[in-house]
Amino acid sequence: MTRPEETDNSPREDMFLIRRQKAEKIAQGGKSPYGHAVSGLQDCPSVKTAFAALPEGGVLSAKVAGRLTAKRVMGKSLFANIKDQDGFMQLYVQKNVVGDESYDLFKDLDIGDIVCAEGEMFVTRTGEASLRVQSFELLSKALRPLPEKWHGLSDMEQRYRQRYLDLISNDEVRRSFQLRSRIVQEIRNYLSSRGFMEVETPMMQPLAGGAAARPFKTYYNALNCTMYLRIATELYLKRLVVGGYEKVFEIGRNFRNEGMDRRHNPEFTVLELYEAYSDCRGMMALIEDMICHVATSIFGTLTFTRKDGVDINLSRPWRIATYHDLVREKMGADWFDLDPSAMRDKARALGLAIPDAMNALEITHEVYDKTIESTLIQPTFVTRLPAYLVPLAKRCEDNPDLVDVYELEINGQELSPGYSELNDPIEQRARFDQQLIGRGDIEGEVNRVDEDFLTALEHGMPPTGGLGLGIDRLVMLLTGEPSIRDVILFPQMRPQA
RNA sequence: GCCUUCGUAGCUCAGUCGGUAGAGCAGCUGACUCUUAAUCAGUUGGUCGACGGUUCGAAUCCGCCCGAGGGCACCA
């Protein structure tokens, strides 16, 4: 190879130019450095398995393709590794087998190039099943170098911005996302085998309902109006229950215009499902069974170990604790008998910032939020929440101040909420109105009442159980990844200048 | 938005007290027909995130900006 004559000799361009020249040289030799479809390919692990099953001396021809990840040249023969989606294969290329011209061509290939190779399997002196290459073809010339082979890519920013490099060089990352796909698939299998119908509802909505979060705003030219990216699927799925579909679910993206951190990405994936004639208890049984089913069928276990060594045990039955009992456990049996100022003092003694304006309900919730939720590592259904927190749920029959809901906490995070859904349209309107009182109208966006949804309820919705499940957080739990960015292929990043 | 740590070759990382910018891998040249982080010899490659300041002199100290990690805040 001659040195490039170009004046720009920054190293990146240097390598880029050398590789481009190699590609041009191949093109001049009458071959394309960017090939076409290949038929008859086998994946590397299957070839190795089939070869291992042969009796000694058995002959197996194979054709594999993948990215060149290592090359060890020893004069007139060389070893190389290629990696395909499922595994890798060692290639053995000999000058006297492929011919001088072909051999030099292979010698000139770079780490990162995509090739296919055909030959017969054999076992090397050191016992590795390998492919003795009879012919090969360059399918795609890589003009840029891959990250270092041994340490891989560890720069977080580059891992997220150029996820493809992360996937090429870090096998654990590749595995995590394969597991994510299987988890979602298994949830679909589970639900459809129980008669649930998968549906799709609008992501662009004229008002973002079903939760209280700041929405992303966009503009629809043809209708000359502002639209919002959905923050929840709830109100549309309930319209379908009104419409007579008794078991529906949706797995899709929600968007919330809020901060991002280890547990939050502005777009995140959620399962929501509704089952007519069921309730909160039906939902608890369902979510417990579904998560255990997914865990055992994909991981073969109900015990998961976090990266910091803490075990999470999903064995049934899961703990059920009322919101009030948990607060009493933390703050004393007399907590709910205290007057607000005594509550305030006690909460402040824990280091919480409690403004004077907070009432007893709010102080209690601040205590729960800041000091209790994160301690619920093992699966816990928190039940009977204060009604003011959950305007879309039915009140408990024995106590109108509480709603008949659960919040499933695992690993210190809310993984899944479930409700006995409120199906009384008059009360629903009142609860919406109540919610508006005292809440600042955030840019006029959040607090408008979805009249169309109320109209649907007025047509009659059967008693219904519903639940949501944060898919990203479930995947974090099952794969042990501590950051949501490691279970989302392309996490949100600030655009580069 | 706030606090904090970080940003050095394509990648992984050193860089002492402010005194000419370093290694390994990758690349390039050569040797080598059973290697596997191949080996051996030689060798190219740097706007030290950007800008400004202090200084005889800045990767190093100061300021500001950009980007990332962690924490906080926001998040029915």
Side-chain angles (χ1 to χ4, degrees), chain A residues 1-4 8-19 21-22 69-81 88-97 103 108 110-112 122-128 130 132 142-162 165 168-169 209-215 231-232 234 254 256-264 266 268 353 361-362 365 368-370 385-393 403 405 407 414 417 419 431-432 434-435 439 442 446-447 482-483 485 491 493-497:
Chain A
M1 241 10 261
T2 50
R3 305 273 314 152
D8 183 349
N9 59 353
S10 73
R12 191 176 57 84
E13 291 305 320
D14 201 36
M15 275 196 240
F16 188 84
L17 287 171
I18 289 167
R19 288 178 176 221
Q21 288 187 343
K22 286 181 179 179
T69 57
K71 198 177 65 170
R72 297 175 289 278
V73 183
M74 293 164 303
K76 298 186 178 65
S77 77
L78 65 84
F79 286 95
N81 290 356
F88 78 98
M89 177 69 78
Q90 176 166 265
L91 308 181
Y92 186 45
V93 187
Q94 293 164 290
K95 195 165 190 169
N96 62 0
V97 172
Y103 185 76
D108 236 14
D110 288 295
I111 307 294
F122 74 110
V123 179
T124 65
R125 203 174 285 164
T126 49
E128 178 154 354
S130 308
R132 191 187 306 277
L143 297 179
R144 297 186 188 276
L146 286 181
E148 205 241 2
K149 60 184 169 185
W150 188 244
H151 299 94
L153 181 66
S154 62
D155 179 69
M156 294 240 188
E157 183 170 358
Q158 202 177 352
R159 284 187 46 223
Y160 299 144
R161 288 195 197 274
Q162 292 179 274
L165 294 179
I168 290 167
S169 38
R214 300 189 70 170
I231 58 174
E234 177 148 5
N254 286 347
R256 295 188 180 179
N257 205 340
E258 280 152 8
M260 30 198 278
D261 59 34
R262 222 154 41 92
R263 293 195 173 88
H264 297 85
F268 58 100
L361 286 172
E362 290 165 337
H365 195 61
Y368 173 79
D369 228 28
K370 293 287 170 9
L385 269 63
Y388 85 99
L389 290 174
V390 194
L392 293 161
V403 277
V405 304
E407 277 189 1
E414 186 187 341
Y419 308 166
R431 299 270 288 277
F432 277 149
Q434 219 171 27
Q435 193 195 352
R439 289 192 130 261
I442 306 167
V446 178
N447 292 328
S483 170
R485 297 187 195 92
M493 299 290 277
R494 201 179 287 270
Q496 280 172 306

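Note that the structure is predicted; figures quoted are calculated from it, not measured. Proteins get letters first, then strands, A, B, ... in listed order; numbering begins at 1 in each.
- With sequence neighbours excluded, the residues that form a side-chain contact (heavy atoms from CB on, under 4.5 Å) with A:Val73 are A:Lys71, A:Leu78, A:Tyr103, A:Lys107.
- For a distance-only test at 3.5 Å, the side chain of A:Asp155 fails to qualify as a donor-acceptor partner of the base of B:U12.
- Between A:Leu146 and A:Glu407, the one whose closest nucleotide on RNA chain B sits nearer the 5' end is A:Leu146.
- Nucleotides B:A73 and B:C2, compared at atom P, are 16 Å apart to the nearest Å.
- Taking the P atoms as reference points, B:A31 lies 44 Å from B:G19, given to the whole Å.
- Listed by chain and residue number, A:Asp261, A:Arg473 satisfy the side-chain contact (heavy atoms from CB on, under 4.5 Å) test with A:His264 (two or more places apart in sequence, or in another chain).
- Paired regions of RNA chain B, where each region holds three or more successive Watson-Crick or G-U pairs whose two hydrogen-bonding distances fall under 3.5 Å, are B:1-7 with B:66-72, B:10-13 with B:22-25, B:27-31 with B:39-43, B:51-53 with B:61-63.
- Between B:U60 and B:G30, the distance separating the two C1' atoms is 40 Å to the nearest Å.
- The listed nucleotides are B:C11, B:C34, B:U12; the one nearest the side chain of A:Arg132 is B:C34.
- Under the rule for a salt bridge (Lys or Arg N to Asp or Glu O under 4.0 Å), the partners of A:Arg161 that lie at least two apart in sequence or sit in another chain are A:Glu157.
- Closest to the side chain of A:Thr124, out of B:U35, B:C74, B:G27, is B:U35.
- When the nucleotides B:U12, B:U35, B:A26 are ranked by their closest atom to the side chain of A:Glu128, B:U35 comes out on top.
- Checked against salt bridge (Lys or Arg N to Asp or Glu O under 4.0 Å), A:Lys76 has no partners two or more places apart in sequence or in another chain.
- The side chain of A:Ser154 contributes an N or O atom lying less than 4.0 Å from OP1 or OP2 of B:C13.
- The ring pair (Phe, Tyr, Trp, His ring centres under 6.0 Å) test applied to A:Phe122 returns A:Tyr92, not counting sequence neighbours.
- Take A:Arg159 and apply the salt bridge (Lys or Arg N to Asp or Glu O under 4.0 Å) test, not counting sequence neighbours, and it matches A:Asp166, A:Asp486.
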Protein-nucleotides 68-72 of chain B N/O pairs closer than 3.5 Å?
{"residue": "B:A68", "atom": "OP1", "partner": "A:Arg494", "partner atom": "N", "Å": "3.0"}
{"residue": "B:A68", "atom": "OP2", "partner": "A:Arg494", "partner atom": "NE", "Å": "3.3"}
{"residue": "B:A68", "atom": "O4'", "partner": "A:Glu157", "partner atom": "OE1", "Å": "3.2"}
{"residue": "B:G69", "atom": "OP1", "partner": "A:Arg485", "partner atom": "NE", "Å": "3.1"}
{"residue": "B:G70", "atom": "OP2", "partner": "A:Arg485", "partner atom": "NH1", "Å": "2.8"}
{"residue": "B:G71", "atom": "OP1", "partner": "A:Arg262", "partner atom": "NE", "Å": "2.7"}
{"residue": "B:G71", "atom": "OP1", "partner": "A:Arg262", "partner atom": "NH2", "Å": "3.0"}
{"residue": "B:G71", "atom": "OP2", "partner": "A:Arg262", "partner atom": "NE", "Å": "3.2"}

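- With both ends at atom P, the span from B:A26 to B:C40 equals 11 Å, rounded to whole Å.
- If you take atom P in B:A50 and the same atom in B:C66, they sit 15 Å apart, rounded to whole Å.
- A gap of 25 Å separates the C1' atoms of B:U16 and B:G53, to the nearest Å.
- By the side-chain hydrogen bond (donor to acceptor under 3.5 Å, both in side chains) test, A:Glu407 is found to be paired with no residue, residues two or more places apart in sequence or in another chain being considered.
- Every residue two or more places apart in sequence or in another chain that forms a side-chain contact (heavy atoms from CB on, under 4.5 Å) with A:Gln158 is listed here: A:Leu153, A:Asp155, A:Gln162, A:Leu165.
- Nucleotides B:G67 and B:U39, compared at atom P, are 41 Å apart to the nearest Å.
- The side chain of A:Glu148 approaches B:C11 more closely than any other nucleotide in the set B:C34, B:C11, B:C74.
- In this structure A:Pro391 satisfies the side-chain contact (heavy atoms from CB on, under 4.5 Å) test together with A:Arg431, A:Gln435, sequence neighbours excluded.
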What N/O pairs connect the protein and nucleotides 38-43 of chain B at under 3.5 Å? Give each pair on its own line.
{"residue": "B:A38", "atom": "OP1", "partner": "A:Lys149", "partner atom": "NZ", "Å": "2.3"}
{"residue": "B:A38", "atom": "OP2", "partner": "A:Arg72", "partner atom": "NH1", "Å": "3.3"}
{"residue": "B:A38", "atom": "N6", "partner": "A:Val73", "partner atom": "O", "Å": "2.7"}

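- Of the listed nucleotides (B:A26, B:A37, B:C28), B:A37 has the atom at the smallest distance from the side chain of A:Trp150.
- Spacing between B:A58 and B:U47 at atom C1', rounded to whole Å, works out to 14 Å.
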